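Below, read A as the first sequence line, B as the second, and so on, with proteins coming before strands; counting in each chain starts at 1. These numbers were taken from a predicted model, which means no experiment stands behind them. All values below come from the heavy atoms of this structure, side chains included, with hydrogens, waters and symmetry mates left out.
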2 protein chains.
Amino acid sequence: MVQTSADPRVQQKVLEKKREILDAASRVFRRRGLQSTGMRDIAAELGMAVGNLYYYFKDKEELLAFVQEGTLEGLLDLAVQVRKNRLPADARLALLIEGHVVLLNEGIPGSLAHLEVEALREPWRRKVQDQRDAYERTFREILEEGMAAGVFRQTDPKVTAMAILGALNWTVKWFRPDGGKTALEIGRECAELLVRGVMA
Amino acid sequence: MVQTSADPRVQQKVLEKKREILDAASRVFRRRGLQSTGMRDIAAELGMAVGNLYYYFKDKEELLAFVQEGTLEGLLDLAVQVRKNRLPADARLALLIEGHVVLLNEGIPGSLAHLEVEALREPWRRKVQDQRDAYERTFREILEEGMAAGVFRQTDPKVTAMAILGALNWTVKWFRPDGGKTALEIGRECAELLVRGVMA
DNA sequence: GCACAATTTGAACCATGGTTCAAACTTCCG
DNA sequence: CGGAAGTTTGAACCATGGTTCAAATTGTGC
């Protein structure tokens with residue numbers, strides 16, 4: 001098992017390797033989907049032997065959990081950026097929407113693997129779900145803020161947030177980089193549609 | 001194997017049994033999701049032995065394909081109904097949206113199993129995908145019609161249709177009958193959001 | 001009742017794919 | 001070098017769960 005050494009040099013190297021594996025796993029999960037991705041596929045993507053993965057990660061579930069956390073980290077970063085600025089609610093919602101679509105679709109076209117919390121069992125599921133809830137809360141907050149300011153019409157922020165997120169998450173199912181539009185362009189069109197939808 | 005008899009009495013009985021099995025499978029797929037649903041679970045839902053399922057269906061994939069076709073049939077019916085009437089585009093889009101949400105969420109809360117074409121292999125995949133394309137075309141048509149009539153603003157109908165469908169399909173991931181709102185209410189809120197989003 | 005077809009059973013079979021592990025290899029000081 | 005710690009290998013192991021099938025049961029026409 002890894003992590004038996006106290007040497008910081010070694011620990012550093014292990015961390016790098018872990019990240020490398022996670023990146024590869026992330027790619028393969030996106031490309032092939034959750035079920036079609038085998039440990040052997042991930043190993044092949046790295047040119048290493050299957051068993052080696054287990055030197056760095058306990059099992060496939062842990063691997064997936066970290067991959068999902070990675071995606072959520074990116075989204076949470078985005079949320080922080082958007083929260084920071086002082087634009088009106090509609091502009092901020094648009095930014096959040098565009099960023100979300102770009103993050104989910106940049107690089108390799110993908111499956112929903114990065115978002116399928118249902119695939120995780122209980123220690124992990126809660127952890128990832130909590131992060132996800134936190135992220136989704138950002139949408140609700142912006143919506144509520146916009147309603148309070150009178151820019152948005154009155155709606156149930158929970159329902160509206162989930163409807164918006166559905167539209168965005170679903171893009172990974174149909175967006176293809178070679179489809180003639182960039183992820184950002186798609187993001188803009190989504191923003192246009194959804195922000196207009198909530199305007200007062 | 002079934003279907004060796006030419007007796008219409010027998011054929012009728014077989015059809016009924018098939019429907020019964022498909023209904024059960026439909027329920028279990030919704031409840032447990034695609035991967036968590038075993039043949040044994042479906043058999044248990046019916047109180048029959050596993051092997052018996054194979055008397056009526058070739059394999060799990062065929063079962064899933066028929067279940068998905070059943071869902072699509074319902075949606076296509078809806079599309080026909082909506083096409084029939086002579087309301088303006090915005091009203092028709094709203095009807096389609098509401099109906100879609102209700103169909104996907106009535107009865108048991110669900111997973112996306114009914115919509116995961118990716119889980120099917122090539123003979124079936126094409127067949128189901130074609131039906132799905134036909135259904136999605138309805139959205140594009142209404143959008144184009146609305147744009148032509150000037151009720152809707154100019155957008156890329158393909159992208160807009162997929163964005164709308166994403167919001168709707170995603171409802172099965174979060175809607176719960178005991179959540180205080182009915183599927184129809186959710187459908188109405190989605191319609192409000194999305195129709196407003198495309199209005200000129 | 002009897003024979004024959006149709007249906008149902010469930011234990012056994014088997015493919016897939018996650019997981020283990022002892023051996024081989026590398027790295028890095030002393 | 002030498003050897004200990006760290007890393008990698010890949011064949012073998014094994015659990016899960018879809019699938020088969022011969023036997024048992026039920027239904028039907030004569």
Nearest-Å distance for atom pair [atom1]/[atom2], residues [X] and [N]:
X	N	atom1	atom2	answer
B/Gln35	C/dG18	CD	P	11 Å
A/Leu53	D/dT7	CG	P	15 Å
A/Met39	D/dA11	CE	C1'	18 Å
A/Tyr55	D/dG10	OH	P	17 Å
A/Leu34	C/dT16	CG	P	19 Å
B/Lys60	D/dT20	NZ	P	15 Å
A/Met48	D/dG6	CE	P	18 Å
A/Lys13	C/dC28	NZ	C1'	11 Å

- Where each residue is assigned the nucleotide of DNA chain D containing its nearest heavy atom, which of A/Gly47 and A/Arg40 is assigned the position nearer the 5′ end?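 Here A/Gly47 is the residue nearer the 5' end.
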- At under 4.0 Å between heavy atoms, what does A/Thr37 touch on the DNA or RNA strands: base, sugar-phosphate, or nothing?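 A/Thr37: backbone/sugar contact only, no base atoms under 4.0 Å.
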- Query: How would you label the contact of B/Gly38 with the nucleic acid (heavy atoms, under 4.0 Å): base, sugar-phosphate, or nothing?
  - Reply: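 Sugar-phosphate, no base atom in range.
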Selection from [options] that lies nearest to any side-chain heavy atom of [X]:
X	options	value
A/Tyr56	D/dT19, D/dT8, D/dT9	D/dT8
A/Lys17	D/dT8, D/dT20, D/dG17	D/dT8
B/Val14	D/dT8, C/dT7, C/dT19	C/dT7
B/Ala49	C/dT19, C/dG10, D/dG10	C/dG10

- Item | Linked, directly or transitively: A/Ile164 and B/Val172 (ILVMFWY side chains, under 4.5 Å) |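 Yes, one cluster joins them.
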- Message: For a quick test of reading the model, state the closest non-hydrogen atom pair linking A/Lys181 to A/Phe175 and the distance between them.
- Response: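 Taking every non-hydrogen atom into account, O-CE1, 3.3 Å.
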- Message: For B/Leu193 versus A/Leu194, what's the shortest heavy-atom pair and its separation?
- Response: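 Scanning both residues, the minimum pair turns out to be CD1-O, 3.9 Å.
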- Under 3.5 Å: donor-acceptor pair, side chain of A/His100, backbone of A/Leu75: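 No; judged by distance alone, with no hydrogens or angles, the pair does not exist.
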- Please name all residues satisfying ring pair (Phe, Tyr, Trp, His ring centres under 6.0 Å) with B/Phe66, sequence neighbours left out, ordered by chain then number.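 Applying ring pair (Phe, Tyr, Trp, His ring centres under 6.0 Å) to B/Phe66 gives B/Phe57, B/Trp124.
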- Query: Does OP1 or OP2 of C/dT7 have a side-chain N or O of B/Asn52 closer than 4.0 Å?
  - Reply: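 No, no such contact exists.
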